[in-house]
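See structure below.
Positions are given from 1 along the sequence.
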Amino acid sequence: MRRLHIIALAGSTALGLFVGGWAYLAAQSFYDSFPGVLGSWVSVDGPFNEHLIRDVGAMYLALAAASIGGLIRRSAAVFRVLGLAWTVFGGLHFAYHAMHLAHMDPESAIGEMVALGVSLALGIVLLIPERTGGAPTSGEGLQGIVTELAHDAAVDEAARGG
């Protein structure tokens, strides 16, 4: 499962850097052309708003930066926290677009839903707990994540000689 978590995190990182970089660094181009070869999904959904598009780009870049941190500091707790962030964003993003497809041609609507579904699935994969060979885990849900983060911090402190 750990390998699948790393693949999902790498995919999320690439997605965040691609979408975030384009939206933040070239807002007008992003508005006019995103996602590129699959059509133009943003410009059909309302007037250009540079502030909004750059904010979306910044948010994607922030998620990508956190994901890079997760690739460096790999642990079950980190995977789950990042999974929660990507899943909440991905679920809300998917829901909005699913409710606003009428202005799109069928091919673009399908492409958009598939792309957003893949993005959401990457977050969900990160939420799946690792198998520990049948041994009990430190807990499920938020308490388990907090326990795992505290354990990771203690291990780091011990490694530094603290």
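Under a cut-off of 6.0 angstrom, the local environment of NE2 in H103 is crowded, with over 12 non-hydrogen atoms contributed by other residues, nucleotides or ligands.
The heavy-atom pair separating S67 from T13 by the smallest distance is CB-OG1, 3.0 Å. Between S29 and W22, the shortest heavy-atom distance links the atoms OG-NE1, 3.0 Å. Counting all heavy atoms, side chain and backbone alike, P129 lies closest to R80 at CG-NH2, 3.7 Å.
The hydrophobic cluster containing L17 also contains Y24, counting ILVMFWY residues as joined when their side-chain heavy atoms lie under 4.5 angstrom apart, directly or transitively. Linking Ile, Leu, Val, Met, Phe, Trp and Tyr residues whenever their side-chain heavy atoms come within less than 4.5 Å leaves L61 and L82 in two separate clusters. Residues L116 and V44 fall within the same hydrophobic cluster, defined by Ile, Leu, Val, Met, Phe, Trp and Tyr side chains chained together at heavy-atom separations under 4.5 Å. Cluster membership for V114 and F18, using ILVMFWY side-chain heavy atoms within less than 4.5 angstrom, is not shared. In the hydrophobic clustering of ILVMFWY residues, with side-chain heavy atoms under 4.5 Å counting as a link, M113 and L15 come out together.
With contacts defined as side-chain heavy-atom distances shorter than 4.5 Å, the pair D32/F48 does not qualify. At a threshold of 4.5 Å between non-hydrogen side-chain atoms, the residues F94 and S119 do not count as touching. Residues M59 and D55 fail the side-chain proximity criterion, which asks for heavy atoms closer than 4.5 Å. L122 places none of its side-chain heavy atoms less than 4.5 Å from the side chain of W86.
L120 contributes atom CG, which lies 11.0 Å from atom NE2 of H93 (distance to the nearest 0.5 angstrom). Interatomic distance, L9 CG to I7 CD1, rounded to the nearest 0.5 Å: 11.0 Å. Interatomic distance, OG1 of T87 versus CG of L92, reported as 10.5 Å (0.5 Å rounding).
By the 30° and 60° cut-offs, the orientation of the rings of W41 relative to F34 is perpendicular.
Of the possible donor and acceptor atoms, one in the side chain of R74 sits under 3.5 Å from a partner among the backbone N and O of L71.
Among pairs with a residue in residues 59-80, those fulfilling ring pair (Phe, Tyr, Trp, His ring centres under 6.0 Å) read H5-F79, Y60-F89, at least two apart in sequence or across chains.
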